Undergrad: 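What follows is a single structure, and I will ask about it in a moment.
Heavy atoms only: backbone and side chains are in, while hydrogens, waters and symmetry mates are out. Position 1 is the first residue of the sequence, and the numbers go up from there. Quantities reported herein were computed from a predicted structural model and do not represent experimental measurements.
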Amino acid sequence: MGLRTTGTPSRSGARLVAVGAVALALLAVGCDSDDGPTPSPSASASSASPTPSVTTSPASPTPTATSDIPEAARKKTDAGAEAFARYFFEQVNAAWMAPNPDLIARLSDRGCKSCDALAKTATDLQKNGQRYREIPIDIVSVSTAKDSPSGQQYVDASLVQNESNVIDGAGKIVLNDPREEFKRTVALSWTGDQWTVFDVG
């Protein structure tokens, strides 16, 4: 799974070029920080099928796009960091389903390259009049790492890229993500009165 990048519109209309979607976005080079998390080895990118092979689960809730960070994620504690990391991935889902890159940018440090890659996916979807129809990422678990540097907090996340479809404005499926499990480390810093993401590796 990997970052989707937009290609130029084809004769059959605007489309996304698959190089995998969720994971490559999350594998993008992190911020230039000596003590930031090291990106995990790249997951294999897979070509997406243009035909649907899964039905939407009615039990999956639609992510909420909101500027209100949950109370639990506003605390400078291990539990607060975990809640913020969970909220960040929920907003990535919302950003790709809306699409709206601002939902990611407002939670990210300005120098976070991996965050920029996630936001770019939303920007590309927006530009091409496309969006994710199903929730792209499920959060299985989050837990604070024990070896975080002073002033920072690392959160280990177990995630699932759902089998999900990207659709155009007419509802036509233009790309399909396969299901895949993966792990990432979210690096947080406390900025002002809230957590911000400075790397996803």
Undergrad: Considering all heavy atoms of both residues, which atom of D168 and which atom of Q130 are nearest to each other, and what is their separation?
TA: CA-CG, 4.0 Å
Undergrad: Counting only N and O atoms by type, is there a donor-acceptor contact under 3.5 Å from the side chain of Q153 to the main-chain atoms of T144?
TA: no
Undergrad: With a 4.5 Å limit on heavy-atom distance, are the side chains of K183 and L159 in contact?
TA: no
Undergrad: Below 30° counts as parallel, above 60° as perpendicular, anything between as tilted: where do the rings of Y132 and W96 land?
TA: parallel
Undergrad: Does the side chain to side chain donor-acceptor pair (under 3.5 Å) test come out yes or no for S189 and Q152, once each step is laid out?
TA: CA-CA 5 Å; S189 62; Q152 302 172 5; over 6 Å; no
Undergrad: Between the side chains of T196 and D109, does any donor sit under 3.5 Å from an acceptor?
TA: no
Undergrad: I need the I139 CD1 to S158 OG distance, nearest 0.5 Å.
TA: 11.5 Å
Undergrad: Side chains of V160 and E180: closer than 4.5 Å at any heavy-atom pair?
TA: no
Undergrad: For the residue pair F88 and S108, what are the closest heavy atoms and their distance?
TA: CE1-OG, 3.8 Å
Undergrad: Are E134 and N162 close enough that some pair of their side-chain heavy atoms sits under 4.5 Å apart?
TA: no
Undergrad: Would you indicate whether the side-chain heavy atoms of I167 and L175 approach each other to under 4.5 Å?
TA: no
Undergrad: Roughly how far apart are N93 CG and I135 CD1, rounded to 0.5 Å?
TA: 6.0 Å
Undergrad: Knowing that exactly one of D124, L125, L118 qualifies, which makes a side chain to side chain contact (heavy atoms under 4.5 Å, CB included) with T121?
TA: L125
Undergrad: In the structure I gave you, are the side-chain heavy atoms of R133 and I173 within less than 4.5 Å of one another anywhere?
TA: yes
Undergrad: Do NZ/NE/NH1/NH2 and the carboxylate oxygens of E181 and R179 come within less than 4.0 Å?
TA: yes
Undergrad: So, taking the atom named CD in E90 and the one named CG in L103, what distance separates them when rounded to the nearest 0.5 Å?
TA: 12.0 Å
Undergrad: Quick one: does N100's side chain have a donor or acceptor within less than 3.5 Å of a partner on D102's backbone?
TA: yes
Undergrad: Within the side chain of S114, is there an N or O that forms a donor-acceptor pair under 3.5 Å with the backbone of V200?
TA: yes
Undergrad: Go through the side-chain N and O atoms of T185 and D156 and say whether any donor and acceptor fall under 3.5 Å apart.
TA: yes
Undergrad: How many angstroms lie between CG in D68 and CZ in R74, if you round to the nearest 0.5 Å?
TA: 6.5 Å
Undergrad: Working to the nearest 0.5 angstrom, can you tell me the gap between F84 CZ and Q194 CD?
TA: 5.5 Å
Undergrad: What is the minimum heavy-atom distance between P101 and A119, and which atoms define it?
TA: CB-O, 3.5 Å
Undergrad: Any side-chain heavy-atom pair from V197 and V186 closer than 4.5 angstrom?
TA: yes
Undergrad: Please report the shortest heavy-atom distance between K76 and W195, naming the atom on each side.
TA: CA-CZ2, 3.8 Å
Undergrad: As an exercise, state the distance from CD of E82 to OG of S141, rounded to the nearest 0.5 Å.
TA: 9.5 Å
Undergrad: For a side-chain contact (heavy atoms from CB on, under 4.5 Å) check, start with the C-alpha distance between L107 and Q91, then their side-chain angles and the critical distance, and finish with the verdict.
TA: CA-CA 9 Å; L107 302 176; Q91 292 303 285; 3.9 Å; yes
Undergrad: For Q126 and R131: C-alpha separation, side-chain torsions, deciding distance, then whether side chain to side chain donor-acceptor pair (under 3.5 Å) applies.
TA: CA-CA 7 Å; Q126 189 179 65; R131 65 180 179 86; over 6 Å; no
